[in-house]
Amino acid sequence: MKIVVFGAGPIGLITSLSLTIWGHDVLCVDLNEQLIERLAKAESDLFEADLKTQLQKYLMLKKLQFGLSTDFDAEFSNIYFVAVGTPTKSDGTSDLTALQSCIKSIVQIPTAHKKTVVIKSTVPVQTNQNLSDMYKKYNVCFISNPEFLREGQALNDALNPDRIVLGHQDEPAIQLLLQIYQPLINNKENKTKVFVTDPATAEISKYASNVFLAAKISLINEISKITAKFDGDIQHVSKIVGADTRIGPEFLNSGLGYGGSCFQKDISAFVNVAAAHDIQLPMISAIETVNQQQLNRFSNLILKNIPENKICIWGISFKPETNDLREASALKIINALLKKNFTLHIHDPELSPEFLQKYAGYLNQKQIMIFKDKYQALNNCSGLAICTEWPEYVNVDLQKIKTHLSHSFIFDGRNTLDNKTATEQGLHYFSLGTHL
Ligand code: UGA
């Protein structure tokens, strides 16, 4: 089948590639000329395994094309996947400007055929219904088909999803979508579940999934306050609780809390939509409060214990295997320490150029210094704060850390190291689950 994908950002690109891999012909369009030009040459800054090879392969086969959303062949297809950003506005609600403008241009594409618009973007409840009402005079139908992709492993997630959710009010359109996903559904090795439902349920399911994942993190983080008080071990508690198959071990890593572009944005949008309809969501609102508290707990742990205002930070990105800084916990810790006039030595295996721009003033004044070698970064610092659990921080040489630091303080924001081993090696080890 031929499909147009609107949006060449992470979700649009991965959606385009997965549709192509399943045998469809895809034209991925975007307003950003530079982005399109680079993608047409298989160039991308996304940290995704196998992305470049797959892009090269399908571009060469001409199964995947990139173009401008303002100027593409109207006859290419009448199936449009929409995967544009829906960021949070300052009032906590979702900004649907890009989505609205896409839909407007799609409905105006001159073709006699009925158009099927598949919404991949995360949109507030009722968006699909509102679009159907708004464009009922046009020969167009809308299907909600949320994505559940994780940054860094998005292509693998797209090709091997746990579920496909299709929210619709149009039977022929749903048959078309089932045909598009047929290669995936037919593959017996995949355990993908297909849920055909109404648009509101599909939209809510996306938010509910992120709410559950974030809630697991905030729950274990809240429990870490108790292990810290009573000398328990939060990592063991996680393992014990996660061994219950009804709970499961995923998303029980306690530490600095969640960052990234999704959880905070989606929780805020969900709570705001509910509030607009006079529905209070106290539990869901508390997820974000607990997440914020972890940051305050960690910066207080450092401020209370470190002998001098000079610290090394390992790990800046919001999670390992990405250089994405959006809502990264490390940045919030850095800002809190800068306010207290700390000098900071920074190491991250894939430090984003955005960091250099953001902190240019501090870099000029040498209040922040960047290091390529993680051990060199420790020199003359009183302590080390681990903010992102990159694999290279897991098996570290503790004696080397001790030698390079001026005072041997470790603040482990991700429970990366073992408390007992670090203490035995003569380091002053602090984490949110083991010390007040
Ligand atoms: C998340 C969801 O996992 C995806 O299913 C969803 O599609 C995506 O949001 C989205 O809505 O687009 P992502 O933001 O890429 O994906 O990152 P995650 O791997 O879920 O991690 C989010 C944050 O939680 C990271 O900062 C991570 O360090 C933190 N985390 C994760 C913990 O603090 N503890 C854990 O046990 C797991």
Side-chain angles (χ1 to χ4, degrees), residues 7 9-15 46-49 83-88 94 120-124 145-158 160-165 203 205-224 234-235 237-239 241-242 247-270 287-288 290-295 297-298 315-333 386-391 393 412-416 431-433:
I11 303 300
L13 179 59
I14 298 296
T15 301
L46 271 192
F47 270 81
E48 290 294 335
V84 294
T86 51
T88 312
S94 302
K120 275 269 162 210
S121 306
T122 301
V123 291
N145 177 209
E147 54 81 21
F148 301 96
L149 311 177
R150 286 165 298 178
E151 219 174 293
Q153 30 196 327
L155 187 56
N156 186 47
D157 283 349
N160 306 288
D162 296 329
R163 63 217 135 143
I164 294 169
V165 181
E203 290 164 343
S205 303
K206 163 68 191 188
Y207 286 99
S209 298
N210 278 354
V211 161
F212 261 88
L213 294 171
K216 278 186 93 173
I217 300 171
S218 278
L219 265 176
I220 200 69
N221 282 338
E222 190 156 349
I223 291 164
S224 77
I234 192 62
Q235 282 174 279
V237 173
S238 293
K239 282 196 183 111
V241 171
I247 298 172
E250 306 277 346
F251 282 74
L252 287 182
N253 288 332
S254 162
L256 270 176
Y258 58 79
S261 62
C262 304
F263 288 171
Q264 197 178 320
K265 163 178 99 71
D266 289 354
I267 290 172
S268 162
F270 204 50
I287 296 171
E288 193 47 35
V290 174
N291 201 50
Q292 190 58 45
Q293 283 174 358
Q294 289 302 96
L295 297 167
R297 288 180 68 211
F298 194 65
I316 305 297
S317 53
F318 88 91
K319 66 175 185 179
E321 312 300 344
T322 173
N323 68 351
D324 194 339
L325 299 179
R326 285 177 291 175
E327 301 301 332
S329 306
L331 296 190
K332 296 172 187 173
I333 299 301
I386 303 175
C387 292
T388 312
E389 68 281 30
W390 282 89
Y393 302 149
D412 189 352
R414 295 288 173 188
N415 291 308
T416 311
S431 83
L432 291 174

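Worth saying up front: this structure is predicted, and the values here are computed from it rather than measured. These numbers come from the heavy atoms of this one structure, side chains and all, not from hydrogens, waters or symmetry mates. Both ligands and their constituent atoms are indexed starting at 1 by order of listing.
Here Phe270 pairs with Tyr207 under the ring pair (Phe, Tyr, Trp, His ring centres under 6.0 Å) rule; sequence neighbours left out. Applying the salt bridge (Lys or Arg N to Asp or Glu O under 4.0 Å) rule to Glu147 yields the partners Lys206; only residues at least two apart in sequence or on another chain are considered. Among residues two or more places apart in sequence or in another chain, the salt bridge (Lys or Arg N to Asp or Glu O under 4.0 Å) test is passed with Glu327 by Lys332.
Within 4.0 Å of ligand 1, contacts by protein heavy atoms are made from Glu147, Phe148, Leu149, Arg150, Glu151, Lys206, Asn210, Leu213, Ile217, Phe251, Leu252, Asn253, Gly257, Tyr258, Gly259, Cys262, Phe263, Asp266, Phe318, Lys319, Arg414.
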Side chain to side chain contact (heavy atoms under 4.5 Å, CB included) between Asp157 and Phe148, worked out: CA-CA 8 Å; Asp157 283 349; Phe148 301 96; over 6 Å; no
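Ser224 and Arg297 share a donor-acceptor pair across their side chains, judged by distance under 3.5 Å alone.
The side chain to side chain donor-acceptor pair (under 3.5 Å) with Tyr258 is formed by just one residue from the set Gln264, Glu288, Gln294, Lys319; it is Glu288.
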